[in-house]
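The structure presented is a predicted model; accordingly, all values stated were derived computationally and were not measured. Lettering of chains follows the sequences in order, A, B, ..., and the numbering in each one begins at 1.
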Protein chains: 2
Amino acid sequence: MSYTLHRGDALTVLKTLPDESIDAVITDPPYNSGGRTSSERTSRSARAKYVTAGSAHDLADFPGENRDQRSYRSWLTELLTESYRAAVNHAVCMVFSDWRQAPTTSDALQMAGWTWSGTIPWKPASRPRKGGFKQSAEFIAWGVKGSLDNSRKLYLPGHFIASQPRKDRVHITQKPIEVMRQLVRICPDGGTVLDPFTGSGSTGVAAVREGRHFLGVELSAHYVGIAERRLRGELTQDDFTLAGPEK
Amino acid sequence: MSYTLHRGDALTVLKTLPDESIDAVITDPPYNSGGRTSSERTSRSARAKYVTAGSAHDLADFPGENRDQRSYRSWLTELLTESYRAAVNHAVCMVFSDWRQAPTTSDALQMAGWTWSGTIPWKPASRPRKGGFKQSAEFIAWGVKGSLDNSRKLYLPGHFIASQPRKDRVHITQKPIEVMRQLVRICPDGGTVLDPFTGSGSTGVAAVREGRHFLGVELSAHYVGIAERRLRGELTQDDFTLAGPEK
DNA sequence: TACTGGTATGAATCGGATA
DNA sequence: GTATCCGATTCATACCAGT
């Protein structure tokens with residue numbers, strides 16, 4: 001398996017991809033939630049919005065959390081449109097969002113041409129909420145280019161229960177590898193998974209482990225470095241596993 | 001605890017309710033999903049859509065399943081607007097939907113004036129899907145009139161896992177009582193829960209069991225009869241429980 | 001290895017003070 | 001009134017250390 005990482009703006013890089021070169025898109029864009037007023041949403045950094053005051057960890061901030069709702073929708077639509085162009089027929093696109101952005105996300109998915117086929121909840125640990133229901137779920141909107149490939153003997157779950165990695169976490173929104181490994185199976189074996197918002201590269205790690213190629217784009221040099229290191233580690237480990245028979 | 005059932009059109013009945021007479025709205029409107037084309041959605045009856053072909057059971061059809069998406073939104077908005085008017089400050093409104101209607105549902109909730117505060121997934125049993133992700137979740141969009149009452153020491157879960165009742169089921173979309181019992185707790189003790197689409201009356205049964213009053217509306221005479229019977233059973237049972245100390 | 005008890009923390013939320 | 005900042009809050013769960 002191989003991986004390619006681009007440091008740069010997602011949309012700019014996507015435009016350079018050839019048609020029908022991607023077999024699945026799995027990504028977690030910076031969605032612009034959090035905060036009560038529009039200015040709070042657009043002016044505060046991701047860390048300021050999402051990290052509990054007093055939290056001891058010191059994870060780096062990430063860019064892209066400054067769009068208002070309308071611009072988020074059109075930006076995401078354009079991005080998914082380019083992904084659609086670069087995808088093969090039967091390709092699946094999966095986009096993470098929180099509850100606030102879920103409707104906007106499925107709108108953008110459809111506006112970009114994908115056939116919206118479902119919304120999958122997954123449950124990270126979360127805080128309780130006094131006087132009401134705790135918000136314990138996040139969502140993955142998924143869609144297909146054309147129709148699902150019914151010839152594959154593939155049955156994937158419709159919801160995931162897992163929590164964020166706590167140890168060795170390098171990104172505020174890092175996803176558990178076990179969940180990502182399930183998701184990348186939607187990509188045919190040996191195909192290429194695209195993640196325009198690579199972050200710390202969990203999608204890539206999962207893809208490589210599951211025998212898929214990975215194509216990642218990330219704006220922040222800090223995170224490109226981290227993703228590169230993690231992915232290189234995977235390949236080295238693979239080679240090692242191949243070389244020595246034990247375990 | 002007491003209950004009131006109206007046989008009639010939801011909107012018509014809602015308009016007759018006095019202002020600020022309702023403490024919570026919990027309902028499962030007939031949403032128009034299923035079917036890939038708008039004509040498929042609007043022409044097939046609820047039974048045809050939701051009941052497995054060849055299934056032997058004989059649940060009655062229910063009305064209201066023939067709206068297209070736009071008209072569904074405006075109809076639901078009007079309905080939720082009337083509910084909003086009839087609700088007290090801090091009242092919570094919860095609306096069930098499937099994944100397809102979830103964005104429309106949160107739109108309507110907000111258009112009606114409620115402050116959308118979250119989307120809760122709940123998982124009924126479902127069939128796997130070849131070549132992709134199983135669609136195992138349905139959603140409850142919830143919102144508040146004004147703001148949540150933070151003085152209550154109430155902490156409710158953010159997702160529910162339960163399967164639809166199989167035995168003793170009297171309505172196609174009947175919800176498990178255990179889930180409904182959790183939901184009705186959002187209504188203050190002794191308050192009144194409104195369900196404009198009572199169906200077989202599960203919301204009412206849960207409300208009565210949890211010590212809330214219930215106000216239900218149902219168009220179908222068939223289901224009003226069933227709901228009435230179930231609710232009367234609850235009260236009788238309550239009386240019995242009160243009379244005899246054992247269990 | 002399996003259990004147990006202590007501790008840290010979360011893609012938040014809320015009220016209130018300040019500018 | 002709006003924007004911004006600050007700090008208190010809440011408990012299920014993962015993690016750790018110790019038996």
Legend entry - Test item: A:Ser220 side-chain N/O and A:Tyr223 main-chain N/O as donor-acceptor pair under 3.5 Å: yes

Output one line per pair: protein atom, nucleotide atom from nucleotides 8-18 of chain D, and distance, for all N/O pairs under 3.5 Å.
from, atom 1, to, atom 2, distance (Å)
D:dT10, O3', B:Tyr155, OH, 3.2

Inset, instruction - Looking at every strand, decide which applies to B:Asn150 at a 4.0 Å heavy-atom threshold: base, sugar-phosphate, or nothing. - result: sugar-phosphate

Legend entry - All side-chain hydrogen bond (donor to acceptor under 3.5 Å, both in side chains) counterparts of A:Tyr84, not counting sequence neighbours: none

Legend entry - DNA chain C: 5'-most and 3'-most nucleotides touching chain A, 4.0 angstrom heavy-atom criterion: C:dA8 to C:dG16

Would you tabulate the side-chain donor-acceptor contacts of residues 187-195 of chain A under 3.5 Å, counting partners in other chains and residues two or more places apart, or write 'none'?
from, atom 1, to, atom 2, distance (Å)
A:Asp189, OD1, A:Arg212, NH1, 3.4
A:Asp195, OD1, A:Thr27, OG1, 2.6
A:Asp195, OD1, A:Phe197, N, 2.9
A:Asp195, OD2, A:Thr203, OG1, 3.1

Inset, instruction - Not counting sequence neighbours, which residues clear side-chain hydrogen bond (donor to acceptor under 3.5 Å, both in side chains) with A:Glu210? List them please. - result: A:Arg181, A:Arg185

Inset, instruction - Could you name each residue pair satisfying ring pair (Phe, Tyr, Trp, His ring centres under 6.0 Å) that touches residues 147-166 of chain B, not counting sequence neighbours? - result: none

Inset, instruction - Pick base, sugar-phosphate or nothing for A:Gln135, based on heavy-atom distances below 4.0 Å to the nucleic acid. - result: nothing

Inset, instruction - Just jot down the salt bridge (Lys or Arg N to Asp or Glu O under 4.0 Å) partners of B:Arg70, sequence neighbours excluded, or say none. - result: none

Inset, instruction - Tell me which residues in residues 29-47 of chain A put a heavy atom below 4.0 Å from DNA chain D, sorted by number, or none. - result: A:Arg36, A:Ser39, A:Glu40, A:Ser43

Legend entry - Whole-Å P distance, C:dA11 and D:dC6: 22 Å

Inset, instruction - Please map the stems of DNA chain D, keeping only stretches of three or more Watson-Crick or G-U wobble pairs with both distances under 3.5 angstrom. - result: C:2-10 with D:11-19, C:12-19 with D:2-9

Inset, instruction - With sequence neighbours excluded, tell me which residues meet side-chain hydrogen bond (donor to acceptor under 3.5 Å, both in side chains) with A:Asp98. - result: A:Ser33

Legend entry - Nearest atoms (heavy-atom pairs only) where A:Gly143 meets A:Trp114: O-CE3, 3.9 Å

Legend entry - Minimum-distance pair of heavy atoms, taken over all atoms of B:Ala24 and B:Ile186: CB-CG2, 4.4 Å

Inset, instruction - Sequence neighbours left out, what passes salt bridge (Lys or Arg N to Asp or Glu O under 4.0 Å) with A:Lys134? Give chain and number order. - result: none

Inset, instruction - Please report the closest heavy-atom contact between A:Asn32 and A:Gly64, naming both atoms and the distance. - result: OD1-O, 3.1 Å

Legend entry - A:Asp61 and A:Arg47 ion-paired at < 4.0 Å: no

Inset, instruction - Only pairs at least two apart or in different chains count here, so list each ring pair (Phe, Tyr, Trp, His ring centres under 6.0 Å) that has a residue in residues 21-56 of chain A. - result: none

